[in-house]
Amino acid sequence: MTIPGPPSLDFIRTIVAQDVKAGKHGGRVMTRFPPEPNGYLHIGHAKSMCLNFGIAQETPGGLCNLRYDDTNPTKENVEYVESIQADVRWLGFDWGQRLFHASDYFEQLYEYAVVLIKKWRAYVDGSTAEEIRQNRGTLVAPGTESPHRNRSMEENLDLFTRMRAGEFPDGAYVLRAKIDMASPNLNMRDPTLYRIRRVPHYRTGDRWCIYPTYDFAHPLSDSLEGVTHSLCTLEFEDHRPLYDWMLDGCEARCHSRQIEFARLNLSYTVMSKRKLLELVEEGHVTGWDDPRLPTLMGLRRRGYTPEAIRNFCDHIGVAKRDGVVEMALLEHFIREDLNRRAPRVMAVLRPLRVVIENYPEGQVEDLEAVNNPEDPGMGTRKVPFSRVVYIEREDFREIPPKKFFRLAPGQEVRLRYAYIIQCVGLVKDEQTGEVVEVRCTYDPETRSGSSQASRKVKGTLHWVSAAKAIEAEVRLYDYLFIKPNPGEDKEGGGYRAFLNPRSLEILPSCQVEPSLAGAAPGSRYQFERQGYFCVDSVDSSGSRLVFNRTVALRDTWAKVEKTQQGG
RNA sequence: UGGGGGAUCGUCCAGUCGGUAGGACAUCAGACUUUGGAUCUGAGAACCCAGGUUCGAGUCCUGGUCCCCCAGCCA
């Protein structure tokens with residue numbers, strides 16, 4: 001009913017647009033993507049990147065910085081730094097010359113701390129961590145002030161100088177903001193600004209032994225860079241008063257506005273760095289790039305494209321209510337992208353031998369197959385056909401259920417791009433009773449593309465020539481968890497109980513068409529009637545092809561059959 | 001019993017000044033099909049609850065309910 005007008009802006013873009021219009025910050029817009037280099041990026045970070053870099057791109061003159069929030073040397077390292085940059089680039093974002101680190105600002109941050117001390121807004125506290133915790137009070141009871149809270153300014157300055165000089169062991173002192181121990185917002189109860197950590201930092205080495213906390217470093221880093229809109233997730237809402245307090249207290253020249261949005265949750269997976277780390281370290285997955293993980297490197301190895309991930313992020317929207325986005329939506333976007341660009345190819349995952357009795361022994365025909373019906377520009381290729389072919393085991397049933405449009409005794413079916421064949425017999429293993437071979441005849445008049453090829457049959461099967469096919473390993477992935485929200489009910493490690501024991505199925509001897517020989521690592525294909533697959537970038541080699549299933553094709557028949565069985 | 005946030009189809013996101021609640025995914029049905037794919041058509045499906053104001057409330061007011069976050073020298 002409503003005329004489709006311009007797409008409505010999300011609440012953050014609305015604020016940014018208003019600020020630009022009002023001439024705030026001179027109409028300038030600057031955002032930042034601030035990962036901590038203590039883990040690998042996942043699709044939740046992709047949402048943040050699409051937001052931050054997206055807003056910058058949409059705004060004339062807008063900029064987005066890449067800034068490492070590297071204020072905790074005990075958890076961070078260069079390995080993460082490099083991987084993060086690779087992931088950001090892969091997703092398609094460019095920080096230009098604006099690669100920054102909170103650690104770039106350590107000296108300036110220190111000066112700001114001195115300013116706070118001189119304004120009686122910060123003090124050095126010799127309380128132990130335990131004492132500080134005790135004195136913080138509770139959610140309902142106010143805290144009590146530290147006995148060191150009213151030290152003289154000179155003493156504070158002296159102590160802080162000596163903290164920096166390395167005169168004290170870890171934990172001996174901290175610098176605290178002097179705000180309000182009775183504040184209902186616990187973040188305002190004299191939060192810690194600096195702590196002593198006598199460990200080398202991956203960038204500043206041993207130049208520092210005191211390190212600023214997030215609450216101190218983040219707002220000031222934003223200010224130093226001139227960030228106008230500091231976007232973060234919901235759990236920082238309580239920190240906003242502190243963010244503003246810091247900027248006011250330090251009389252920072254640029255006062256960025258912090259705006260919080262809901263982080264991304266995806267069904268059937270987990271997103272927290274801690275859980276991801278545990279899955280890797282406990283060996284539930286093979287590594288950070290395991291194709292079952294929602295990490296960017298996992299998704300990349302799985303065969304996801306940056307375009308699909310960006311489209312996904314653009315469509316999930318940005319809001320403040322937290323929820324769980326269905327994995328089906330992510331799958332929709334990768335199918336949409338790959339349907340358009342992935343060349344089609346035939347591959348038989350679970351081979352069943354088919355002998356075409358009336359086809360000349362030793363004869364091979366090169367049949368023409370289109371590479372992508374969605375894009376004629378992608379051309380055609382030749383696929384060899386011969387007397388013995390493999391078809392998918394599940395494409396044959398000795399006793400076919402209703403509406404089974406595939407091969408069964410007496411039934412006809414078309415072999416894609418080839419001939420119509422009819423099943424005239426089958427061979428069973430005498431021991432197991434398993435069908436090991438299907439005997440067929442073909443109708444020479446029905447060759448694909450010939451003038452008499454128009455005869456209709458209910459089903460079309462993919463196949464591969466037994467003589468010409470090459471062997472490959474195929475890895476089928478399913479959801480990592482069997483529950484839509486594995487992290488939900490039980491706190492702590494409960495999610496592990498919901499790991500899907502069948503999240504990976506390895507098919508070591510699949511048969512794929514010969515055009516796949518030498519397929520480049522990372523290249524993506526549609527295996528007709530099955531799904532999208534990519535050549536594994538780690539384990540595939542010239543002598544052994546390994547494919548990962550990115551996502552299966554939609555399978556209407558599977559649904560029909562399921563409801564038939566389910567009654 | 002404190003503070004900060006949030007509640008709209010199954011899911012995610014819209015909804016202007018108060019004026020027939022919309023899109024995407026998912027689901028179901030049909031068309032088409034040499035991929036049971038893709039595509040096309042159609043359908044079902046929601047305003048947390050209770051009052052109030054109003055000709056008219058998702059929107060405004062009052063009172064409830066439920067959910068999330070916060071007691072790191074993590075971010």
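Predicted, not measured: the structure shown is a model, and the values here were computed from it. For the numbers below, each heavy atom of this structure counts, side chains included, while hydrogens, waters and symmetry mates do not. Sequence lines set the chain letters: A, B, ... in the order given, protein chains first and strands last, and positions in each chain run from 1.
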Measure from CZ on A/Arg529 to P on B/rG36 and round the result to the nearest Å.
5 Å

Considering only heavy side-chain atoms of A/Arg406, the closest of B/rA75, B/rG2, B/rG36 is B/rG36

Give me the distance, rounded to whole Å, that separates B/rG19 from B/rC61 when you measure between the P atoms they each carry.
15 Å

To the nearest Å, how far apart are A/His201 NE2 and B/rC74 P?
13 Å

Of the listed nucleotides (B/rC74, B/rU1, B/rA71), which one gets closest to any side-chain atom of A/Asn72?
B/rC74

To the nearest 0.5 angstrom, please state how far the CD atom of A/Glu365 sits from the OH atom of A/Tyr419.
3.0 Å

Between B/rC49 and B/rC40, how far apart are the C1' atoms? Round to whole Å, please.
42 Å

When you measure from the side chain of A/Arg554, which nucleotide among B/rC74, B/rA75, B/rA26 comes out closest?
B/rA26

Under 3.5 Å donor-acceptor pair, A/Gln526 side-chain atoms to B/rU35 base atoms:
yes

Between the base of B/rG37 and the side chain of A/Glu374, is there a donor and acceptor pair under 3.5 angstrom?
yes

Are more than 12 heavy atoms from other residues, nucleotides or ligands located less than 6.0 Å from atom NZ of A/Lys320?
yes

Nearest of B/rG4, B/rG36, B/rC74 to any side-chain atom of A/Lys403?
B/rG36

For the P atoms, the ones on B/rU65 and on B/rC28, what distance do you get once it is rounded to whole angstrom?
40 Å

Side-chain contact test, heavy atoms from C-beta onward, threshold under 4.5 Å: evaluate it for A/Val88 versus A/Phe33 and give yes or no.
yes

What nucleotide among B/rG36, B/rG37, B/rC69 has an atom nearest to a side-chain atom of A/Thr460?
B/rG36

Among B/rG3, B/rU35, B/rC73, find the nucleotide with the atom closest to the side chain of A/Pro373.
B/rU35

Between B/rU27 and B/rU11, how many Å separate the two C1' atoms, rounded to a whole number?
12 Å

Starting at CG of A/Leu139 and ending at P of B/rG3, how long is that distance when rounded to a whole Å?
11 Å

Which ranges of RNA chain B pair up as stems, where a stem means three or more consecutive Watson-Crick or G-U pairs with both distances under 3.5 Å?
B:2-7 with B:65-70, B:10-13 with B:22-25, B:27-31 with B:39-43, B:48-52 with B:60-64

Within the supplied structure, the quantity of interest is the number of heavy atoms (other residues, nucleotides, ligands) at a distance under 6.0 Å from A/Arg447 CZ; does it exceed 12?
yes

Interatomic spacing from CG in A/Leu299 to CG in A/Leu41 - rounded to 0.5 Å
11.5 Å

Polar atoms only, N or O, under 3.5 Å: list the protein pairs with nucleotides 11-15 of chain B and their distances.
{"from": "B/rU11", "atom 1": "O4'", "to": "A/Glu326", "atom 2": "OE2", "distance (Å)": "3.1"}
{"from": "B/rU11", "atom 1": "O3'", "to": "A/Val324", "atom 2": "O", "distance (Å)": "3.2"}
{"from": "B/rU11", "atom 1": "O2'", "to": "A/Val324", "atom 2": "O", "distance (Å)": "3.0"}
{"from": "B/rC12", "atom 1": "OP1", "to": "A/Val324", "atom 2": "N", "distance (Å)": "3.1"}
{"from": "B/rC12", "atom 1": "O2'", "to": "A/Ile316", "atom 2": "O", "distance (Å)": "2.6"}
{"from": "B/rC13", "atom 1": "OP2", "to": "A/Arg321", "atom 2": "NH1", "distance (Å)": "2.8"}
{"from": "B/rA14", "atom 1": "OP1", "to": "A/Val318", "atom 2": "O", "distance (Å)": "3.1"}
{"from": "B/rA14", "atom 1": "O2'", "to": "A/Ser8", "atom 2": "OG", "distance (Å)": "2.8"}

Between B/rA75, B/rG3, B/rC73, spot the one nearest the side chain of A/Asp69, thanks.
B/rA75

With P as the reference atom in both, quote the distance from B/rC55 to B/rA7 in angstrom, rounded to an integer.
30 Å

I'd like to check, for A/Tyr214, whether its ring lies over the base of B/rA75 with centroids under 5.5 Å apart and a plane angle smaller than 30°.
no

Looking only at non-hydrogen atoms, find the nearest pair between A/Leu338 and A/Arg344 and report the distance.
O-NH2, 3.7 Å

Considering only heavy side-chain atoms of A/Lys75, the closest of B/rG37, B/rG2, B/rC74 is B/rC74

For the P atoms, the ones on B/rC48 and on B/rC13, what distance do you get once it is rounded to whole angstrom?
14 Å

A/Val140, nearest nucleotide to its side chain (from B/rC73, B/rU35, B/rU1)
B/rU1

Rounded to whole Å, CZ of A/Arg416 lies from C1' of B/rG36 at a distance of 12 Å

Looking only at atom P, what distance separates B/rU54 and B/rA14, rounded to whole Å?
32 Å

Please measure how far the C1' atom in B/rA21 lies from the corresponding atom in B/rG58, and state the result in whole Å.
8 Å

